[in-house]
Asks: 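Attaching a single structure in structure tokens format; questions to follow.
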Amino acid sequence: MERTYIMVKPDGVERGIVGEIIKRFEQRGFQLTALELIHPTKEHLEEHYCDLKGKGFFPSLIEYMSSGPVVGMVWTGKDAVKTGRKMLGETNPLASAPGTIRGDFCIEVGRNICHGSDSVENAEKEIALWFPRGVKTVARSHSIHSLFYEN
Ligand code: GDP
Ligand code: MG
């Protein structure tokens, strides 16, 4: 079963959009597998965004991301990484279709309220970085996951 790391950024937490984002993943049929509210250090964020270190916006990205608590989550389910990205929308909210999280709630690329892993490999890296004690997925007997799991 595929897992992805979804994070509500400080602006999303401050604006009270955490519940809305959780709701969308729940109603789509993904399983909430881990969740924490954490005020990350700059060092931790530099590790999370290490691929972007050379970008001009990197310092402001780290400032933004360390400006308050974030809500990190692991969501599990079929095609969780790709589908999670689709639900988030494009990196630039103005290019995001209405109906996506960014397309419905923001307009600035530097304040785009949520993060989602962009590949299965990066998802596993991010889950290990944000949940170093590990994440356990427990099968839920009454959810659609167990009904569709064999397909
Ligand atoms: P994502 O995977 O869609 O979040 O996009 P990236 O991994 O390319 O970039 C990480 C984050 O850096 C984005 O979500 C934005 O918050 C920020 N970012 C990306 N591109 C820009 C940019 O051109 N300007 C600014 N200010 N921030 C950016
Ligand atoms: Mg990215």
Side-chain angles (χ1 to χ4, degrees), residues 1-137 144-145 148:
M1 207 41 130
E2 195 168 291
R3 312 190 294 178
T4 190
Y5 178 70
I6 301 292
M7 172 167 52
V8 187
K9 296 180 176 185
D11 52 332
V13 175
E14 193 177 324
R15 291 175 56 196
I17 305 171
V18 176
E20 174 68 31
I21 293 172
I22 291 175
K23 188 192 86 174
R24 290 181 181 214
F25 279 85
E26 281 185 328
Q27 74 186 11
R28 190 70 193 262
F30 291 106
Q31 180 182 334
L32 181 61
T33 309
L35 180 147
E36 72 166 353
L37 179 92
I38 183 177
H39 195 149
T41 64
K42 289 186 176 175
E43 292 71 31
H44 194 90
L45 291 161
E46 283 165 6
E47 178 68 27
H48 173 78
Y49 281 126
C50 60
D51 293 349
L52 300 174
K53 226 159 208 162
K55 302 279 185 189
F57 60 82
F58 188 75
S60 66
L61 172 62
I62 299 302
E63 282 298 323
Y64 157 48
M65 290 299 300
S66 60
S67 66
V70 301
V71 172
M73 298 171 273
V74 178
W75 288 93
T76 303
K78 212 174 206 177
D79 231 352
V81 171
K82 200 172 77 193
T83 308
R85 293 282 293 191
K86 271 193 202 156
M87 290 166 66
L88 258 52
E90 302 298 319
T91 301
N92 184 348
L94 290 182
S96 300
T100 63
I101 293 165
R102 286 166 175 166
D104 285 348
F105 293 101
C106 50
I107 47 175
E108 298 282 351
V109 69
R111 292 289 183 275
N112 61 0
I113 72 166
C114 52
H115 163 83
S117 308
D118 63 4
S119 68
V120 172
E121 190 190 347
N122 283 337
E124 289 302 322
K125 268 193 214 164
E126 291 168 5
I127 291 167
L129 177 68
W130 291 91
F131 294 97
R133 283 176 298 165
V135 169
K136 193 171 160 193
T137 307
I144 60 168
H145 308 288
F148 292 147

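Just follow the structure's listing: the first ligand is 1, and inside any ligand the first atom is 1. Atoms considered below: every heavy atom in the structure, side chains included; atoms not considered: hydrogens, waters and symmetry mates.
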Asks: Can you list the atoms of ligand 1 that are under 4.0 Å from a heavy atom of L61?
Replies: 11 (C), 12 (O), 16 (O), 17 (C)

Asks: Using 30° and 60° as the class limits, which term best fits the ring planes of F30 and F25: parallel, tilted or perpendicular?
Replies: tilted

Asks: For R24, is there an ion pair with D104 - N to carboxylate O distance below 4.0 angstrom?
Replies: yes

Asks: Tell me whether T100 contacts the main-chain N or O of A97 through its side chain, where contact means a donor paired with an acceptor under 3.5 Å.
Replies: yes

Asks: Charged N to carboxylate O below 4.0 Å: is that the case for K78 and E2?
Replies: no

Asks: For ligand 1, which atoms, with element, lie under 4.0 Å from some heavy atom of Y49?
Replies: 10 (C)

Asks: Quick check on K9 - does any of its heavy atoms sit under 4.0 Å from an atom of ligand 1?
Replies: yes

Asks: Among all protein heavy atoms, pick out the one at the shortest distance from atom 23 (O) of ligand 1; state its residue, atom name and that distance to 0.1 Å.
Replies: F57 CD2, 3.7 Å

Asks: Among L88, N112, D51, which one has a heavy atom closest to atom 14 (O) of ligand 1?
Replies: N112

Asks: Among all protein heavy atoms, pick out the one at the shortest distance from atom 10 (C) of ligand 1; state its residue, atom name and that distance to 0.1 Å.
Replies: L52 CD1, 3.4 Å

Asks: Just to confirm my output: which protein heavy-atom neighbour is closest to atom 15 (C) of ligand 1, and how far is it?
Replies: V109 O, 3.3 Å

Asks: Testing the 3.5 Å rule here: is there a donor-acceptor pair between the side chains of D11 and Y64?
Replies: yes

Asks: Whether the Q31 and T76 side chains hold a donor-acceptor pair (N or O, under 3.5 Å, no angle test) is what I'd like checked.
Replies: no

Asks: Which residue and non-hydrogen atom of the protein lie closest to atom 4 (O) of ligand 1, and at what distance in Å?
Replies: R102 NH2, 3.2 Å

Asks: Which residue owns the protein heavy atom closest to atom 2 (O) of ligand 1, what's the atom, and how far is it?
Replies: R85 NH1, 2.7 Å

Asks: Enter the distance from R111:CZ to E14:CD here, rounded to the nearest 0.5 Å.
Replies: 9.5 Å

Asks: Give me the atom names and distance for the closest heavy-atom approach of C114 to K9.
Replies: O-CE, 3.2 Å

Asks: E90: heavy atom below 4.0 Å from ligand 1, yes or no?
Replies: no

Asks: Any idea which part of T91 is under 4.0 Å from ligand 1, heavy-atom wise: side chain, backbone, both or neither?
Replies: both

